[in-house]
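Notes follow the structure.
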Amino acid sequence: MAMELPPKIENTSEFASMIKQLRLNHPHNGHIITAGELSLSLNRNKTWISQIESRRIKNIKVDDIISIYMYLMNTDKTNAKECLKKDYQILVNKNYIIQQLLEHFTHIIIEKYSILSTTTEQEQLINLMININSGFVNNFNDFLHILCDFDFSLLTELSLEKHDEIINSFSDIKHKLNSYHFQNILKKLNQESLKIIDNINVSDRSMFDCMNFCKKCMAYISQLEKPEMETLLNQSGIDEINAFISALQKYTDNYFSYINFDVQPLQENTLAAKHTVFSNLRKYMSKMEKITTQCDEYTKCLSPSHQLGSEFYKENFWMNVIEQPKSVSDNCISSACLIEAKKDSHS
């Protein structure tokens, strides 16, 4: 049964790509016609084809599409319409196949998840789906290149020895990738730790800038806590963690010397020691983030002539202000007045 075209066609990303490819595949007078040239040749605004190819136009009349086909293929309306039907049918079929595969895939995932007996297995499946999604979104070309021709069902036909050989080779690749990732994390941790030290007292915003560097360091440390990283942590990793702790202490001593810095460096590479240090870091950072957030709120309430210098944050007076029981939104203006009065007394 011949396909009937709708009055208008939705300009999906696939359809827009199809129109662009049609233009590129049909040169005029020995050169590829530009989107602007094609628009003008069809007595349209110069940006019309460009708006179709970039999907700024959401729906297109079939007669308008046929006119594009007629010009590019140098043919009559009847033949142009048949060519459009053929191309559009292929496009619809592809979309249908993908939709069917996705529905089947979703059904299989839910079914497999329901029969998994342990939380660990369920988490592994969820992590697998997250990584598949990440592969499509963040590194599609490599993801497609590595897995497009790999048929996992073939593993079931191998002897146990050959099966294990293939599986172990994947494990080796995973370990190597994690090792490279681990080194990259340490490098970034080192860079952010140095920024903390280098930016202390550089400007009136240094206290807040340095706290942002501290937050980045904590994000990298959180990655080091993942199970696949546990076996990779060596002395160089411990040194970088302790370098951050040292930078955090210098930050505290400079701006908040009256606050007790109670995070000890990591002395040994054991799960218990790492858990203690990482836990103490998270608690301390949580406290410091709240304090610096309040500091920022208060300084925003000050008049331009009373902006606080870094020295002012070192005073115990500031600690009395931020420890008031009211919320930031309730007390920032009144506390800012106290700060301005204190600042005036310094003049």
Side-chain angles (χ1 to χ4, degrees), residues 138-139 175-300 307-315 318-319 322:
N138 300 316
N139 192 5
H175 179 78
K176 183 178 289 187
L177 180 58
N178 285 332
S179 179
Y180 291 155
H181 181 50
F182 173 78
Q183 295 299 325
N184 195 36
I185 292 172
L186 292 187
K187 180 180 178 181
K188 291 179 179 178
L189 178 60
N190 173 266
Q191 292 171 343
E192 297 303 322
S193 295
L194 290 175
K195 287 180 184 178
I196 297 169
I197 297 172
D198 292 344
N199 284 274
I200 289 176
N201 292 337
V202 170
S203 71
D204 289 340
R205 296 292 303 173
S206 290
M207 182 179 76
F208 310 111
D209 293 338
C210 289
M211 176 49 58
N212 287 331
F213 300 140
C214 290
K215 291 177 185 178
K216 289 182 179 179
C217 286
M218 283 305 301
Y220 294 133
I221 286 177
S222 294
Q223 292 185 53
L224 295 177
E225 291 185 89
K226 293 181 179 180
E228 61 268 24
M229 295 292 171
E230 288 180 358
T231 59
L232 297 173
L233 186 62
N234 49 22
Q235 189 57 48
S236 64
I238 292 175
D239 290 343
E240 293 300 344
I241 292 169
N242 288 337
F244 165 58
I245 293 174
S246 176
L248 183 58
Q249 183 169 11
K250 288 180 181 178
Y251 169 80
T252 302
D253 292 343
N254 186 79
Y255 293 110
F256 306 100
S257 58
Y258 42 84
I259 295 178
N260 179 39
F261 186 81
D262 54 0
V263 181
Q264 299 301 314
L266 182 59
Q267 301 289 355
E268 54 185 20
N269 192 3
T270 64
L271 285 175
K274 287 184 285 188
H275 174 76
T276 299
V277 171
F278 294 156
S279 177
N280 289 340
L281 269 173
R282 275 192 293 271
K283 290 176 183 176
Y284 188 78
M285 278 295 297
S286 177
K287 177 172 68 175
M288 294 306 296
E289 283 185 52
K290 290 177 182 177
I291 290 174
T292 53
T293 297
Q294 286 194 316
C295 289
D296 202 15
E297 291 291 338
Y298 288 125
T299 56
K300 287 175 182 176
Q307 291 302 304
L308 302 179
S310 61
E311 291 298 317
F312 192 71
Y313 292 114
K314 299 179 182 179
E315 301 192 32
W318 180 254
M319 196 63 179
I322 63 177

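No donor-acceptor pair closer than 3.5 Å links the side chain of Asn254 to the backbone N or O of Lys250. A donor-acceptor contact shorter than 3.5 Å links the side chain of Ser193 to the backbone of Leu189. Remark: side-chain polar atoms of Ser279 are not paired, donor with acceptor, to backbone N or O of Thr276 under 3.5 angstrom.
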Stepwise side chain to side chain contact (heavy atoms under 4.5 Å, CB included) check, Ile259 with Tyr284:
CA-CA 10 Å; Ile259 295 178; Tyr284 188 78; 4.1 Å; yes
For Gln249 and Val263: C-alpha separation, side-chain torsions, deciding distance, then whether side chain to side chain contact (heavy atoms under 4.5 Å, CB included) applies.
CA-CA 8 Å; Gln249 183 169 11; Val263 181; over 6 Å; no
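Using a 4.5 Å cut-off on side-chain heavy atoms (C-beta onward), Phe244 and Met218 make contact. No side-chain heavy atom of Leu232 sits under 4.5 Å from any side-chain heavy atom of Leu224. Side-chain atoms of Asn242 and Gln267, non-hydrogen and from C-beta on, never get closer than 4.5 Å to each other. Ser286 places none of its side-chain heavy atoms less than 4.5 Å from the side chain of Arg282. With contacts defined as side-chain heavy-atom distances shorter than 4.5 Å, the pair Lys226/Asn178 does not qualify. No side-chain heavy atom of His275 sits under 4.5 Å from any side-chain heavy atom of Glu225.
In the displayed structure, Lys287 atom NZ is contacted under 6.0 Å by more than 12 heavy atoms of other residues, nucleotides or ligands.
Sorted by first then second residue, the side-chain hydrogen bond (donor to acceptor under 3.5 Å, both in side chains) pairs that include residues 212-223, not counting sequence neighbours, are His181-Gln223.
Judged purely by distance below 3.5 Å, without hydrogens or angles, the side chains of Tyr255 and Thr292 never pair a donor atom with an acceptor atom.
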